[in-house]
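Predicted model only: the values in this text are computed from it and were never measured. So you know, we letter chains A, B, ... as the sequences are listed, proteins then strands, and number each from 1. Note: hydrogens, waters and symmetry copies are ignored here, and every other heavy atom, side chains too, is used.
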Protein chains: 2
Amino acid sequence: MGKRGSITIEDVAKAAGVSRQTVSRVMNNKPGVKPAVRERIEEAIADLGYVPNLAARRMGGARSFLIMAINDRQRTIENWSAGRGNDWVDQMLYGGMLACEKRGYHMLFELVDTEPDEAVRQVRRVLSSLQPDGFILTQPHSENLALADLLTDLKRPFVRIGLPNEDIDAAAIHMDEAAAAETAVRHLTDLGHERIALMAGSAEYRGSYYRKKGYRAAMEEAELTPLIEAAEFHFENAAQLAKEWLSRDDRPTAIIAENDEMAFAILHVADAMGIEVPKSLSVISFEDTPGVRFSVPPLTAIRQPTAAMIARGCELLMDAAEGGAPEGDQVVPFELIERETTGPAPE
Amino acid sequence: MGKRGSITIEDVAKAAGVSRQTVSRVMNNKPGVKPAVRERIEEAIADLGYVPNLAARRMGGARSFLIMAINDRQRTIENWSAGRGNDWVDQMLYGGMLACEKRGYHMLFELVDTEPDEAVRQVRRVLSSLQPDGFILTQPHSENLALADLLTDLKRPFVRIGLPNEDIDAAAIHMDEAAAAETAVRHLTDLGHERIALMAGSAEYRGSYYRKKGYRAAMEEAELTPLIEAAEFHFENAAQLAKEWLSRDDRPTAIIAENDEMAFAILHVADAMGIEVPKSLSVISFEDTPGVRFSVPPLTAIRQPTAAMIARGCELLMDAAEGGAPEGDQVVPFELIERETTGPAPE
DNA sequence: CTGAAAGCGCTTACAG
DNA sequence: CTGAAAGCGCTTACAG
């Protein structure tokens, strides 16, 4: 027992009749240990229930076994304090914690301000105090050049959640936005729809660009006329636009909205105008936050694979911490979740 | 600079012209440093942007600056994987992370199985690997005697989120359930209600006991006849019971439900029976999860002060890590959030 | 294939 | 009030 009461590498070494370096080799799966000795050591580890002290490991010069995600401080706190829940954080933890614990790592996250100088200062702090083996930059930090530079200069592995960014040399982890839009269109054309509109988010959001592209491609392939307008991801704008669209003689029989909030607005307007969903109007959303199940009817949606993206990010970083080859951008599969807002096109 | 590139205590010592022990004293707010020297050191720390390496601090024999919350593994993962969000985890993080970071600590949490042997094994692991300064046991782990024994034996400070438990000698952090029920009743009597029912959860849930007690006391005070039945926190049971109650000639004009799910069921049944809420029926819930805002109409509810309870727990543990006196049980204030399901009693 | 030595960056007694 | 010494539990070269 160590002087502080827990079992140490020295205890294992004694029990197995070897030196602590040899135990260390076994713990770290390094080659050059005779099978018989390795077995003896593994037995001793199991018998004693030995678990290495991470602080000591870190001090010895190894990794910290910590993966740090960086999140938008203000937005996260706002969501929490409004009691609104926080789907992003939940799914991030779901994907990240489980991926990390499988390999003996721990995931934690830090709330960081978006202002670049402040962000750099805060990340520097965790760098010094916790010395994580890798960083996951989530939106909007994944586009923060100052942060990317800091991490690059300090040679700390990091990945970005988001579309590739020319100015940052780090793996980008994202879903195929264009393919998702295509899938949404195809789901609707399969149901016989011909007048399918895309309610876009904002031009500043880079995903929108690819979604429009995918939408256009799928519409073209089906020989249909595209109808796109932006509503900036806001309820009010979306309601306004939905009212316009649904008042037309040749009104769309289906609308794809780029986020849940706009989809809710569409449902709201349709209800007010006496247009039944999905009988007279189909709606698909991009996002799939928990509130979606409470809408009437529950929304069919493209689900953002947040958990899978974060899990993939952790994998890359753990690989890097273990000296693995650097990997490139990652495209994570999305899913179309059919609920009750899509149905056959009206006659 | 340390050999690994970051600024160390040695750098600060050199810059301030003192030994590293003196710097350590200043960092840890220990007495016995001449004010002038202290100032010089503080300046050097600021100039160099020095942040101590936590792993080294831990190795030196100090605290780890880590507070570990223990959560129900299965339930948490189920919620996440169903995409349902996880209000408990969100609010726990909200309260805990911010409380910890204010004092230079970090909060993390671990998903632990409820089976006692397995739980002990898992907590032993984090104890050895991360050596947290304190543990927060959340439900149902807060009632796990094996875990309490382990932590007690190892002299690790811990607090429990939940009602006091005779068998466990650790601070219990909870809200005043009886007072909350009284508040709910009083809110309704103030609105003129006289037939107020309590839809209880399950007798196994200890909070239910106090809520019933508070409800009875408040009803007695108002000279009203209590009406209590249990629906086990389930939607179906609650719907059944609501149907029964609302079919009576002297049906209640107000129902207090012990969780959101049962309150939703009541709204559902009322709607189906053509009973308008809040015009003909008022409903109050205990819980206030994010879904509450999506109900029609939005639920008036007693909000569980999860964030505040966890923050309080972290405070106690940080105090203990710093040698503070052990504090006793903590009652955290709740809040009644008025939304749209309560109104004046019908004529 | 295995072990003796040195060191990581701190803190904790102990001297003075 | 301040510093020299020892040590925490590991890993990393380096010997053999």
Side-chain angles (χ1 to χ4, degrees), chain A residues 1-41 45 48 50-66 104 127-131 133 321-323, chain B residues 1-41 45 48 50-66 104 127-131 133 321-323:
Chain A
M1 300 265 280
K3 307 218 163 138
R4 288 175 195 154
S6 41
I7 291 159
T8 72
I9 195 172
E10 208 66 53
D11 300 315
V12 177
K14 246 175 244 159
V18 295
S19 72
R20 60 177 190 278
Q21 293 88 300
T22 308
V23 177
S24 174
R25 275 182 201 108
V26 171
M27 292 285 314
N28 294 293
N29 277 313
K30 294 205 174 163
V33 181
K34 232 189 285 186
V37 177
R38 183 179 292 273
E39 204 171 307
R40 197 143 39 93
I41 293 173
I45 289 173
L48 296 170
Y50 169 64
V51 179
N53 174 335
L54 281 193
R57 259 180 133 163
R58 174 69 202 139
M59 285 310 288
R63 340 160 227 169
S64 61
F65 293 89
L66 260 25
L127 223 28
S128 308
S129 61
L130 261 8
Q131 311 197 297
D133 292 329
E322 286 158 20
Chain B
M1 302 262 279
K3 306 215 165 143
R4 286 176 197 157
S6 39
I7 291 160
T8 73
I9 195 172
E10 208 67 53
D11 300 315
V12 177
K14 244 174 247 161
V18 296
S19 72
R20 61 176 189 277
Q21 293 88 298
T22 308
V23 177
S24 175
R25 275 181 200 109
V26 171
M27 292 286 314
N28 294 294
N29 277 313
K30 295 206 174 161
V33 180
K34 230 189 284 184
V37 177
R38 182 178 291 273
E39 205 170 307
R40 199 147 31 98
I41 292 173
I45 289 173
L48 295 169
Y50 169 64
V51 179
N53 174 335
L54 281 191
R57 256 177 137 166
R58 174 70 203 140
M59 285 309 289
R63 350 169 214 158
S64 61
F65 293 89
L66 261 25
L127 224 27
S128 309
S129 61
L130 260 9
Q131 313 198 293
D133 292 329
E322 287 159 20

(request) Could you pick out which residue, P35(A) or A55(B), lies toward the 5' side of DNA chain C when each is mapped onto its nearest nucleotide? (result) P35(A)
(request) Grab the two heavy atoms, one from T8(B) and one from Y50(B), that are nearest each other, plus how far apart they are. (result) C-CE1, 3.5 Å
(request) Considering non-hydrogen atoms only, spot the tightest contact between P52(B) and M27(B) and give its length. (result) CG-CE, 3.3 Å
(message) Under 4.0 Å from OP1 or OP2 of dT11(C): is there any side-chain N or O of S24(B) that close?
(response) yes
(request) Using whole Å, report how far CD of E10(B) lies from P of dG7(C). (result) 13 Å
(message) Using OP1 and OP2 only, check whether a side-chain N or O of Y50(A) sits under 4.0 Å from dG9(D).
(response) no
(request) Compare the minimum distances between each of dT12(C), dG9(D), dT11(D) and the side chain of R57(A), then state the nucleotide with the smallest one. (result) dT11(D)
(request) Determine whether more than 12 heavy atoms belonging to other residues, nucleotides or ligands lie under 6.0 Å from atom CD of E39(B). (result) no
(message) Heavy atoms from C-beta onward define the side chain here; which of dT2(C), dT11(D), dG9(C) lies closest to that of R20(A)?
(response) dT11(D)
(request) State which of dT12(D), dC10(C), dT11(D) makes the closest approach to the side chain of P52(B). (result) dC10(C)
(message) Taking salt bridge (charged side-chain N to carboxylate O under 4.0 Å, His left out) as the definition, give me every residue that meets it alongside R20(B), ordered by chain and number, with sequence neighbours left out.
(response) E10(B)
(message) Using OP1 and OP2 only, check whether a side-chain N or O of K30(A) sits under 4.0 Å from dC1(C).
(response) no
(message) On the nucleotide dG3(C), are OP1 or OP2 found under 4.0 Å from the side-chain N or O atoms that S19(A) carries?
(response) yes
(request) Might you point out which heavy atoms bring L130(A) and L66(A) nearest each other, and give the distance in Å? (result) O-CD2, 3.7 Å
(message) Taking the minimum atom-to-atom distance to the side chain of A62(B), which one of dG3(D), dC10(D), dT12(C) wins?
(response) dT12(C)
(message) Let's see if you can work this out: which of dT12(C), dC10(C), dC10(D) has an atom nearest to the side-chain heavy atoms of N53(A)?
(response) dC10(D)
(message) Judged by each residue's nearest nucleotide on DNA chain D, which is more toward the 5′ side, R38(B) or M27(A)?
(response) R38(B)
(message) Just to be sure I follow the notation: if a pair is Watson-Crick (purine N1 to pyrimidine N3 plus N6-O4 or O6-N4) or a G-U wobble (N1-O2 and O6-N3), each under 3.5 Å, what dot-bracket string does DNA chain C give, with | for pairs to another strand?
(response) |||.||||||||.|||
(message) Looking at every heavy atom in both R58(B) and A55(A), which two are closest together, and how far apart are they?
(response) CG-CB, 3.6 Å
(request) Just compare dT2(C), dT2(D), dC10(D) and give me whichever is closest to any side-chain atom of A56(A). (result) dC10(D)
(request) Look at the side chain of I9(B) and decide which nucleotide, out of dC10(C), dT12(C), dG3(D), has an atom nearest to it. (result) dC10(C)
(request) Using side chain to side chain contact (heavy atoms under 4.5 Å, CB included) as the criterion, point out the one residue from V26(A), I41(A), V12(A), V33(A) that pairs with V18(A). (result) I41(A)
N/O to N/O distances under 3.5 Å, protein versus nucleotides 13-16 of chain D:
none

(message) Rounded to whole Å, please give me the gap between CG in L130(A) and P in dC10(C).
(response) 14 Å
(request) Looking only at non-hydrogen atoms, find the nearest pair between D133(B) and A321(B) and report the distance. (result) CB-CB, 4.0 Å
(request) Indicate the atoms forming the closest heavy-atom contact of D11(A) with S6(A), along with that distance. (result) OD2-O, 4.0 Å
